[in-house]
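In what follows, a structure is listed as structure tokens, so that the remarks can point back to it.
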Amino acid sequence: MESKKVDLLGFQKNLNKQFIDIFESKKQGKIESVTSSELGLQTSAVNFNFFISLKDLQNISMNNNYEESKLLASWICGFNQIRGEVFTILDFNKTIEYLLNKKDDKKYRKLSIDNRIVYLKEYSNEKIGLILDSVGLAYTPEFTLLFKQLEKDGQKKWELNEDLSFDSFVKEDNMFKAEYQILKTLLEKKITVEHSDESLNDMFYYLISDVYLDINGKRPIFIINTENLTKVLINISPLQ
């Protein structure tokens with residue numbers, strides 16, 4: 001139990017150090033500007049890399065405590081109370097897998113010292129905490145912007161960064177097949193998602209906004225739209 005506390009403190013210290021390094025670089029002119037939307041947490045789920053902006057979070061937990069519930073679907077881990085408010089705690093990896101593939105393996109997990117619970121800002125009065133794996137602080141200007149999500153007439157679509165060539169930057173051998181197919185679909189402008197609760201035929205695209213290539217310029221990183229994620233979860237039965 002003591003080693004777990006030490007690890008959590010180490011994570012917070014490392015997070016704080018990364019923040020300090022970024023803002024020191026800004027002051028020295030090495031970074032032009034830093035906004036809350038550019039800083040966030042990078043994590044993975046179902047073999048995809050995701051980025052959750054700090055502007056969409058209200059808290060990064062320094063403990064992994066919550067009350068388990070095994071009466072609900074296994075992607076719902078339980079509940080936690082913070083300052084009198086009750087949050088539903090979800091397993092991010094299992095939640096994404098369920099939303100994309102409708103898979104729920106019925107296996108409940110125990111948290112390890114590598115897991116972190118982050119609490120999302122509220123949408124529609126929903127209070128949600130996500131259990132993330134392999135969490136690290138990320139800064140989007142260190143990535144390569146590949147696709148920018150645009151909104152027009154109640155719809156969203158994606159446009160390729162005009163400063164780069166898709167075939168020069170995106171290499172199929174550098175990523176999973178599913179990742180490459182998603183990028184090709186965005187390039188060919190086959191996806192236009194309406195902003196409505198009913199328009200969930202293309203779930204993955206509904207859950208993301210901008211798309212980057214990672215710091216090595218190889219695999220995609222998808223920015224999670226936490227508001228849309230919340231909208232989807234509201235309409236799903238929590239029962240097994």
Side-chain angles (χ1 to χ4, degrees), residues 37 40-53 55-56 73-76 88 90-105 120-121 123-124 126 128 130 132-133 138 140 143-162 164-167 169-172 174-214 218-239:
S37 62
L41 300 178
Q42 183 177 335
T43 189
S44 61
V46 200
N47 291 328
F48 294 111
N49 288 323
F50 294 103
F51 175 94
I52 302 176
S53 174
K55 70 178 178 59
D56 294 326
S74 67
W75 48 273
I76 303 177
T88 304
L90 308 180
D91 182 324
F92 181 66
N93 183 82
K94 290 171 72 69
T95 298
I96 294 297
E97 183 173 30
Y98 177 76
L99 293 178
L100 298 183
N101 304 316
K102 292 295 181 284
K103 288 184 179 179
D104 185 8
D105 59 16
L120 303 183
K121 287 187 176 178
Y123 297 101
S124 303
E126 292 295 314
I128 293 175
L130 299 177
L132 305 181
D133 301 326
T140 55
F143 305 147
T144 301
L145 177 62
L146 190 59
F147 289 100
K148 185 73 177 176
Q149 181 217 296
L150 303 175
E151 297 182 25
K152 187 177 181 181
D153 299 328
Q155 296 183 328
K156 68 175 185 176
K157 61 180 181 179
W158 288 261
E159 288 193 358
L160 180 68
N161 183 349
E162 61 182 12
L164 57 81
S165 164
F166 183 89
D167 291 333
F169 279 79
V170 178
K171 304 298 182 183
E172 187 173 4
N174 290 336
M175 60 191 71
F176 292 110
K177 182 178 180 180
E179 293 174 317
Y180 185 74
Q181 289 302 318
I182 289 170
L183 299 185
K184 287 289 288 184
T185 298
L186 294 178
L187 177 67
E188 295 165 2
K189 303 184 186 302
K190 291 183 178 179
I191 294 295
T192 302
V193 181
E194 294 182 0
H195 281 169
S196 69
D197 294 340
E198 293 78 21
S199 180
L200 302 180
N201 293 327
D202 299 292
M203 178 64 74
F204 188 90
Y205 304 96
Y206 186 77
L207 296 176
I208 67 169
S209 56
D210 297 345
V211 183
Y212 290 80
L213 289 179
D214 64 21
K218 293 185 176 181
R219 293 185 60 197
I221 296 177
F222 302 96
I223 309 299
I224 282 285
N225 184 320
T226 57
E227 181 174 4
N228 281 2
L229 174 61
T230 302
K231 288 179 179 178
V232 171
L233 294 173
I234 290 174
N235 293 293
I236 294 178
S237 171
L239 300 179

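The structure displayed is predicted, hence computed values, not measured ones. We use all heavy atoms of the structure for the numbers below, so side chains are in, but hydrogens, waters and symmetry mates are not.
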Set of residues satisfying side chain to side chain donor-acceptor pair (under 3.5 Å) with respect to [X], sequence neighbours excluded:
X      : value
Lys148 : Asp210
Gln42  : none
Ser165 : Ser168
Glu162 : none

Yes or no on side chain to side chain contact (heavy atoms under 4.5 Å, CB included) for Ile221 and Thr140, after CA distance, side-chain angles and deciding distance? CA-CA 10 Å; Ile221 296 177; Thr140 55; over 6 Å; no
Residues that [X] engages under side chain to side chain contact (heavy atoms under 4.5 Å, CB included), provided they are two or more places apart:
X      : value
Leu100 : Phe48, Ile96, Met203, Phe204
Ser44  : Asn49
Asn174 : Lys171, Lys218
Glu227 : Tyr123, Asn225, Lys231

Sub-3.5 Å donor-acceptor pair from the side chain of [X] to the main-chain atoms of [Y], do we have one?
X      : Y      : result
Asp91  : Ile76  : no
Lys121 : Thr226 : no
Thr43  : Asp133 : yes
Ser53  : Lys55  : yes

Quick one: are [X] and [Y] in side-chain contact, heavy atoms under 4.5 Å?
X      : Y      : result
Ile182 : Met175 : no
Thr95  : Leu233 : yes
Asn93  : Val46  : yes
Leu183 : Phe166 : yes
Ile236 : Trp75  : yes
Tyr205 : Leu186 : yes

For Tyr180, check ring-ring contact (aromatic ring centres under 6.0 Å, His included) against everything at least two apart and list the hits.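 Tyr180: no ring-ring contact (aromatic ring centres under 6.0 Å, His included) contacts found.
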Could you list the residues that satisfy ring-ring contact (aromatic ring centres under 6.0 Å, His included) with Phe147, not counting sequence neighbours? none
Atom pair [atom1] ([X]) and [atom2] ([Y]), whose distance is rounded to the nearest 0.5 Å:
X      : Y      : atom1 : atom2 : answer
Glu172 : Gln181 : CD    : CD    : 7.0 Å
Asp56  : Leu229 : CG    : CG    : 10.0 Å
Glu159 : Lys189 : CD    : NZ    : 5.0 Å
Leu130 : Leu120 : CG    : CG    : 4.5 Å

Would you sort out whether Trp158 and Ile208 count as a side chain to side chain contact (heavy atoms under 4.5 Å, CB included), showing the intermediate values? CA-CA 10 Å; Trp158 288 261; Ile208 67 169; 4.0 Å; yes
Candidate pair Tyr212 and Leu146, rule side chain to side chain contact (heavy atoms under 4.5 Å, CB included), full reasoning: CA-CA 5 Å; Tyr212 290 80; Leu146 190 59; 5.8 Å; no
Does Tyr98 have Lys102 sitting over its ring (NZ/CZ under 6.0 Å from centre, angle to axis within 45°)? yes
Which atom names give the shortest non-hydrogen contact between Ser124 and Ile234, and what distance separates them?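 Taking Ser124 first and Ile234 second, the nearest heavy atoms are CB-CD1, 3.8 Å.
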